[in-house]
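This report refers to the structure that appears directly beneath it.
Within every chain, numbering begins at 1; the chains are lettered A, B, ... in the order of the sequence lines, protein sequences first and strands thereafter.
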Protein chains: 2
Amino acid sequence: MTSSGPAKRSRPVALPDGGLANEVLEFVWRRRTASRAEIARRTGRSRSTISEVVSRLLPTGLIEEVGSGESRGGRRPILIGFRDGASSILGMDIGAAHVSVALTDLRGRILEWRRRDHAVQADPRGTAALATELGEECLAARGTGSPRPMGIGVAVPSPVDPGSPYRILERILPAWHDFDLLGALRGRFGVPVFVDNDANLGALAEHHWGKAVGIDDFAYLKVATGIGAGLMIDGEIYRGATGVAGEIGHVAIDPRGPRCVCGNRGCLATFVGTRALVDRTRALLCDFPGSVLAGTVPDIRALEDAALADDPMALKVVREAARNLGIVIAGVLNLMNPGSVILGGSLARLGDRLIEPLTRAVAGRTLVASAAASEIRTSELGPRATALGAATHVLVAALANPALFPGVKA
Amino acid sequence: MTSSGPAKRSRPVALPDGGLANEVLEFVWRRRTASRAEIARRTGRSRSTISEVVSRLLPTGLIEEVGSGESRGGRRPILIGFRDGASSILGMDIGAAHVSVALTDLRGRILEWRRRDHAVQADPRGTAALATELGEECLAARGTGSPRPMGIGVAVPSPVDPGSPYRILERILPAWHDFDLLGALRGRFGVPVFVDNDANLGALAEHHWGKAVGIDDFAYLKVATGIGAGLMIDGEIYRGATGVAGEIGHVAIDPRGPRCVCGNRGCLATFVGTRALVDRTRALLCDFPGSVLAGTVPDIRALEDAALADDPMALKVVREAARNLGIVIAGVLNLMNPGSVILGGSLARLGDRLIEPLTRAVAGRTLVASAAASEIRTSELGPRATALGAATHVLVAALANPALFPGVKA
DNA sequence: CGCACTTTGTTCGGCAACCGAACAAAGTCA
DNA sequence: TGACTTTGTTCGGTTGCCGAACAAAGTGCG
């Protein structure tokens with residue numbers, strides 16, 4: 001997986017084989033800063049061992065000594081810090097109708113950001129070219145001295161089979177059949193490329209930088225063109241037996257509901273997708289001549305803005321959506337008992353205007369006290385969440401296997 | 001945790017600390033029989049290492065040499081076998097209105113079996129006494145020479161918080177508040193005691209001995225007095241953030257349905273629990289004067305028997321139950337993408353008479369092809385499944401930590 | 001201020017797990 | 001029969017990690 005690419009740079013620094021170097025690296029990353037003695041205490045190893053591992057880790061440039069900490073009654077510790085800027089990561093969000101790219105450091109800080117609308121569904125080659133272009137723009141904007149990123153993460157609006165990640169998108173985007181986006185990116189940038197479903201990566205972003213920090217069991221729901229859930233179980237993304245866990249867009253919530261493209265009746269997607277919300281808004285316009293949207297041809301953004309301005313009609317659409325989402329979320333709570341439920345996608349902008357009716361809808365459908373106790377909240381990561389999650393995926397992979405870091409050899 | 005009990009038996013045999021002895025033991029258990037060379041190949045260790053570990057494992061009596069295997073072109077291997085009879089386990093199923101106890105060997109074979117009806121809900125002390133009595137009966141029946149079991153597993157019809165397993169049952173059985181069933185059993189038998197929810201343990205039994213052998217992601221639904229699900233994820237029981245995952249009895253499947261004891265409307269439990277099925281049967285009796293049940297006061301067993309005899313009225317009740325179960329199962333499929341769904345509890349006796357309408361109900365509510373591909377099947381473990389699962393829990397714990405085996409010291 | 005006590009980080013000798021090479025025993029195949 | 005394989009054991013060597021000892025650099029009390 002590690003590309004033995006063309007650039008023969010400074011001699012790779014050897015990393016100890018043992019999982020211990022790994023553990024130490026990840027520990028320092030999490031704590032941001034820690035002394036050798038503290039690492040030893042927390043990992044249960046001796047100070048001598050940690051001292052030796054740290055001394056082998058220092059030349060990699062991933063960690064460094066950053067001054068001294070407070071005394072605990074004796075000699076002051078030398079603090080070891082993680083070098084967030086030691087490398088960078090490209091995170092790409094391939095949406096249904098747009099491509100966006102984030103360049104991040106190793107702490108999830110977005111250094112550069114590009115977004116462009118594009119007919120992704122119909123144009124695989126153009127999409128790959130656009131993703132490459134935006135990625136290069138991000139790298140160039142950081143100056144000529146900036147090295148290659150350590151890896152690329154890609155989010156796609158489709159289930160990804162962990163067994164064969166190259167056969168992505170086909171199911172939802174037939175035009176993509178046989179086009180190898182990942183291979184194109186790897187060829188262009190010469191670094192490892194990782195893919196996953198957008199909802200899964202959104203969940204990952206929340207787990208590291210958002211509302212789910214410290215929570216290892218939660219569900220992330222992304223409401224966008226489609227609806228998907230990312231399930232984090234015991235700190236890891238859960239994919240199910242065949243990689244399609246969380247595909248909740250076609251859960252039936254009303255056997256008497258309208259027919260869906262999938263052939264069934266009353267799917268969640270027929271009530272809460274971007275398309276459905278806009279249609280519903282337009283249908284209601286005649287009943288609400290006083291709405292700020294009256295006389296316009298609203299899109300999803302206009303609907304959200306109107307709701308944020310407390311327009312009664314927009315709020316009615318949101319309440320209906322909340323009720324329908326609530327049915328599904330109640331099912332998730334009863335079945336999986338997550339510690340938290342987090343809503344992402346553009347609808348998350350609505351904050352309490354969405355959460356409040358949603359909480360009511362859920363409360364009427366859950367029994368077990370502790371299940372009902374899981375908080376339901378909106379994401380605050382905004383429109384960059386998915387791309388950030390894609391970058392985070394690369395970071396997580398590297399911390400679990402430091403051989404991925406440039407200039408570090410296992 | 002290892003009881004340094006009264007009986008001072010033959011000097012404990014020391015087991016190597018390393019996880020390797022563990023790995024070897026579990027490997028031999030799984031394969032039933034294997035040569036040293038094969039263990040070395042499969043675990044990635046050298047033959048010399050494995051040879052040494054095996055030689056230290058042999059005196060524990062957990063494994064033994066059992067003849068020689070087929071040559072692969074050279075010297076014939078000496079086969080190492082796991083001694084299933086090296087110890088025994090007590091598995092106890094505490095139901096809503098009965099107690100049953102199984103004594104098993106280390107291969108899940110039920111050596112002895114006792115079951116008695118009892119007012120569990122109202123009588124904690126009597127229940128503990130009964131469980132003890134049945135356990136002792138099982139042990140006595142194996143002859144005086146039979147040693148103590150290596151541990152006791154207990155299944156309870158209630159969520160179990162993994163953090164504080166002693167506060168069980170309270171939520172569902174208020175009379176049990178402050179009564180320490182586990183402590184009583186440990187005191188009486190002098191061996192470690194483990195508890196878990198009955199549906200979770202049913203899933204464990206299926207995973208080891210039933211329809212889910214080899215499947216690491218599946219859902220087990222137990223239909224009895226209550227309805228519960230045991231979720232196996234990546235080979236481990238999933239408990240959720242607060243230990244109540246799988247409590248699906250109160251998932252709302254019809255907002256216009258009857259009121260439930262929990263205060264909501266249309267809970268699954270109001271349609272499919274033992275009580276609900278019996279009530280529904282009795283209500284239908286007047287419409288089906290020709291039913292074999294006409295003129296009787298049927299219970300759940302009579303209903304199942306009638307369905308097995310293809311009585312139209314009983315089949316109608318089953319079909320309705322299947323439809324309602326199907327709604328919930330469809331939700332499970334869409335959300336979690338399990339590799340299989342297995343139905344347990346007494347209703348599983350019905351086999352295809354239940355599965356066939358159930359499959360139809362589910363098919364109308366799931367989209368993603370691979371999700372719909374998960375097979376739905378009935379358990380074949382019968383009424384002993386839960387007690388067997390409780391015993392299996394102890395076995396799994398011991399294979400992960402051989403110090404639990406009697407006469408083996410870590 | 002001086003002195004006893006802590007804590008940190010390093011050095012060094014040693015233990016235990018594990019490996020590879022070598023070998024005898026017990027097979028297969030041409 | 002002889003060349004080649006595979007198995008299981010022995011034995012010396014490497015390696016990851018520990019504990020003890022120590023110097024450096026603190027704190028706090030009399």
Separation of atom CD1 in Ile78(A) from atom P in dT7(C), rounded to whole Å: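 Distance, rounded to whole Å: 17 Å.
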Measure CD/Glu52(B) against P/dC11(D) and give the value in whole Å, please.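 The answer, rounded to whole Å, is 13 Å.
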Tabulate atom names and distances for all N/O pairs under 3.5 angstrom spanning the protein and nucleotides 26-30 of chain D.
residue: dG26(D); atom: N2; partner: Gly73(A); partner atom: O; Å: 3.3

For [X], all residues meeting side-chain contact (heavy atoms from CB on, under 4.5 Å), sequence neighbours excluded:
| X | answer |
| --- | --- |
| Thr392(A) | Leu204(A), His208(A), Trp209(A), Leu388(A), Val396(A) |
| Glu23(A) | Leu20(A), Thr43(A), Arg45(A) |
| Ala400(A) | none |

Partner set under side-chain hydrogen bond (donor to acceptor under 3.5 Å, both in side chains) for [X], not counting sequence neighbours:
| X | answer |
| --- | --- |
| Glu236(B) | none |
| His393(A) | none |
| Asn197(A) | none |
| Ser48(A) | Ser46(A) |

Where along residues 36-45 of chain B does a heavy atom come under 4.0 Å from DNA chain D, residue by residue in number order?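 The answer is Arg36(B), Ala37(B), Arg41(B).
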Can you list, pair by pair, the side-chain donor-acceptor contacts under 3.5 Å of residues 73-84 of chain B, counting residues two or more places apart and other chains?
residue: Arg76(B); atom: NE; partner: Gly69(B); partner atom: O; Å: 3.2
residue: Arg83(B); atom: NH1; partner: Gly61(B); partner atom: O; Å: 3.1
residue: Asp84(B); atom: OD1; partner: Arg107(B); partner atom: NE; Å: 3.2
residue: Asp84(B); atom: OD1; partner: Arg107(B); partner atom: NH2; Å: 3.1
residue: Asp84(B); atom: OD2; partner: Arg107(B); partner atom: NE; Å: 3.3
residue: Asp84(B); atom: OD2; partner: Arg109(B); partner atom: NH2; Å: 2.8

Spell out, as yes or no, whether a donor-acceptor pair under 3.5 Å connects the side chain of Asp196(B) to the backbone of Leu201(B).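 Absent.
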What does the list of N/O pairs under 3.5 Å between the protein and nucleotides 19-22 of chain D look like, with a distance for each?
residue: dG19(D); atom: O6; partner: Ser48(A); partner atom: OG; Å: 3.0

With sequence neighbours excluded, what pairs up with Arg30(B) under the salt bridge (charged side-chain N to carboxylate O under 4.0 Å, His left out) test?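 Here the qualifying residues are Glu26(B).
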Using a heavy-atom cut-off of 4.0 Å across all strands, would you classify Ile50(A) as base, sugar-phosphate, or nothing?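 No contact.
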